[in-house]
Amino acid sequence: MKTRSINNEVNAKIGKMPPGKIFDYSIFKSYQEKPQAVAKALSRLEKEKIIQRLERGVYYIPMQSKYGTLKPPEEKIINALKQKEKGIYETGLSAYNRLGLTSQVPNSITLATKIQKPPKTVGGIKIQYTRKDFEISRYDSYILQMLDALKDCKNIPDNTPDGVIRVIRSRIKELSVQKVKQLIKASFNYPPFVRAILGAIIELEFSGKESAVLKKSLNPLTKYAIPVKSLTLPNKAKWGIKFG
């Protein structure tokens, strides 16, 4: 494919994109055959300020306002990173804020990944990575975020373990039985105390049948010191959860 044809393809595709659209090399058919030519065409458009770069290989169509050129919203940037890198999901304070667990808004975003990566800044957003020891892509990110919140329930700012568990319980209550089964499966990648809390919640909101597999996974002699009230988990003693 000639350079002129590649330029035409790139120009035509970008011309149809709305302001704020984020994209990478992979959307161009000619990239597999002529990657350098596509990269060169995008570099030219960047110099002409038709597009702007977020990071290497990732661009966006700038949005114009009375205050000048705007970047895409933070959520769009995070979603673009997820699509590009695969097997990652948002966790930590930013995720807990979205879940309604804390009022604090962090100055950086934490992404969970199977392979540890160095921090970086994308579109002015500080990105940190935390490593998970399991195959992230097998699970729904919302499910993993709830399990992360249970794991961190003692350390989430502006909240208490009791408050965190109440919110997560209300969210689990809204899940389908199929999603609950996925949640149970994913929980085996987490410490026993997380499965104890989850088991107590599922027993209350669904049935003992659904929570039985979690009960079997726990040592009946082990006790978990989690300051949660009986009003939140009336069956906590059955699951080895004690105040402490």
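Quick caveat, the model's predicted, so the values are computed rather than measured.
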Might you point out which heavy atoms bring Phe206 and Val180 nearest each other, and give the distance in Å?
-> CZ-CG2, 3.3 Å

Taking atom NZ of Lys117 as the centre, does the number of heavy atoms from other residues, nucleotides or ligands within less than 6.0 Å exceed 12?
-> yes

Does Glu75 CD have over 12 foreign heavy atoms under 6.0 Å away?
-> no

Close side-chain approach of Arg44 and Asn11, heavy atoms under 4.5 Å = yes

Ignoring hydrogens and geometry, is there a side-chain-to-backbone donor-acceptor pair from Asn97 to Leu93 under 3.5 Å?
-> no

Are any of the side-chain nitrogens in Lys29 or Glu9 under 4.0 Å away from the carboxylate oxygens of its partner?
-> no

Do side-chain atoms of Glu203 reach the backbone of Ser211 as a donor and acceptor pair under 3.5 angstrom?
-> no

Roughly how far apart are Thr102 OG1 and Asn155 CG, rounded to 0.5 Å?
-> 12.0 Å

Quick one: CD1 on Ile202 to CD1 on Ile197, what's the gap to the nearest 0.5 Å?
-> 12.0 Å

Test item: side-chain donor near acceptor, Ser26 and Asp24, under 3.5 Å = yes

Of the non-hydrogen atoms in Ile14 and Phe23, which two are nearest, and what is the gap between them?
-> CD1-CZ, 3.9 Å

May I ask you to test the Arg171-Ile201 pair for a side-chain heavy-atom distance under 4.5 Å?
-> no

If you draw a 6.0 Å radius around NZ in Lys82, do more than 12 non-hydrogen atoms from other residues or ligands fall strictly inside?
-> yes

Look at the aromatic rings of Tyr190 and Phe134 and report parallel, tilted or perpendicular, splitting at 30° and 60°.
-> tilted

Scanning both residues in full, the closest heavy-atom pair of Phe188 with Ser217 reads CE2-CB, 3.5 Å

When you look at Tyr96 and Asn159, which way does the side chain to side chain contact (heavy atoms under 4.5 Å, CB included) test go after all the steps?
-> CA-CA 11 Å; Tyr96 302 155; Asn159 212 332; over 6 Å; no

The reported gap from CZ in Arg131 to CD1 in Ile136 (rounded to nearest 0.5 angstrom) is 10.0 Å

Main-chain N/O of Lys238 paired with Lys215 side-chain donor or acceptor, under 3.5 Å | yes

Taking the side chain as every heavy atom from C-beta outward, state whether Ile168 and Leu198 have any pair of such atoms under 4.5 Å apart.
-> no

Could you please spell out the steps behind the side chain to side chain contact (heavy atoms under 4.5 Å, CB included) verdict for Arg195 and Trp239?
-> CA-CA 9 Å; Arg195 299 200 301 279; Trp239 289 85; over 6 Å; no

Which atom of Glu46 lies closest to which atom of Arg53, heavy atoms considered | OE2-CB, 3.5 Å

Please check if Val38 and Tyr60 belong to a single hydrophobic cluster, counting links between Ile, Leu, Val, Met, Phe, Trp and Tyr side chain heavy atoms closer than 4.5 Å.
-> no

Got a second to check how far Asn7's CG is from Ser30's OG, nearest 0.5 Å?
-> 9.5 Å

Quick one: are Ile165 and Ile226 in side-chain contact, heavy atoms under 4.5 Å?
-> yes

Is it possible for you to say whether Met63 and Leu54 belong to one hydrophobic cluster, with membership spreading through side-chain heavy-atom contacts below 4.5 Å?
-> no

Taking all atoms of both residues into account, what is the closest heavy-atom pair of Lys154 and Ala225, and its distance?
-> NZ-O, 2.6 Å

Can you find a pair of side-chain heavy atoms, one from Tyr25 and one from Pro35, that are under 4.5 Å apart?
-> no

What's the verdict on side chain to side chain donor-acceptor pair (under 3.5 Å) for Tyr139 and Asn189, showing C-alpha distance, side-chain angles and the deciding distance?
-> CA-CA 11 Å; Tyr139 308 102; Asn189 297 296; 3.2 Å; yes

Check whether any side-chain heavy atom of Tyr129 sits under 4.5 Å from a side-chain heavy atom of Ile115, and report yes or no.
-> no

Flag the pair Asp152 / Val164 as yes when at least one side-chain heavy-atom distance between them is below 4.5 Å, and no otherwise.
-> no

Give a yes or no on whether Ile27 and Val10 share a hydrophobic cluster (residues Ile, Leu, Val, Met, Phe, Trp, Tyr; joining criterion: side-chain heavy atoms under 4.5 Å apart).
-> yes

Under 3.5 Å donor-acceptor, Arg166 side chain and Thr232 backbone = no

More than 12 heavy atoms from other groups under 6.0 Å of CD on Glu135 = yes

Indicate the atoms forming the closest heavy-atom contact of Val213 with Glu210, along with that distance.
-> CG1-O, 4.1 Å

Verify the cluster assignment for Leu144 and Ile88: are they in a single hydrophobic cluster under the rule of side-chain heavy atoms below 4.5 Å apart?
-> no

Any side-chain heavy-atom pair of Leu204 and Pro234 under 4.5 Å | yes

Please round to the nearest 0.5 Å and tell me the distance separating atom OG1 of Thr110 and atom OH of Tyr89.
-> 10.5 Å

Charged N-O contact under 4.0 Å between Glu90 and Arg98 | yes

What is the distance from atom CD1 of Ile77 to atom CD of Glu55, rounded to the nearest 0.5 Å?
-> 10.0 Å

Can you tell me if CD on Gln64 sees more than 12 non-hydrogen neighbours from other groups inside 6.0 Å?
-> yes

Begin from the C-alpha positions of Ile61 and Ile51 and carry the test side chain to side chain contact (heavy atoms under 4.5 Å, CB included) through to its verdict.
-> CA-CA 5 Å; Ile61 309 297; Ile51 62 175; 3.8 Å; yes

For the pair Lys114 (side chain) and Gly87 (backbone), establish whether a donor and an acceptor sit closer than 3.5 Å, ignoring hydrogens and angles.
-> no

Begin with the C-alpha distance, continue with both residues' side-chain angles, and end with the deciding distance and a verdict on side chain to side chain contact (heavy atoms under 4.5 Å, CB included) for Ile109 and Glu74.
-> CA-CA 10 Å; Ile109 301 296; Glu74 181 180 286; 3.4 Å; yes

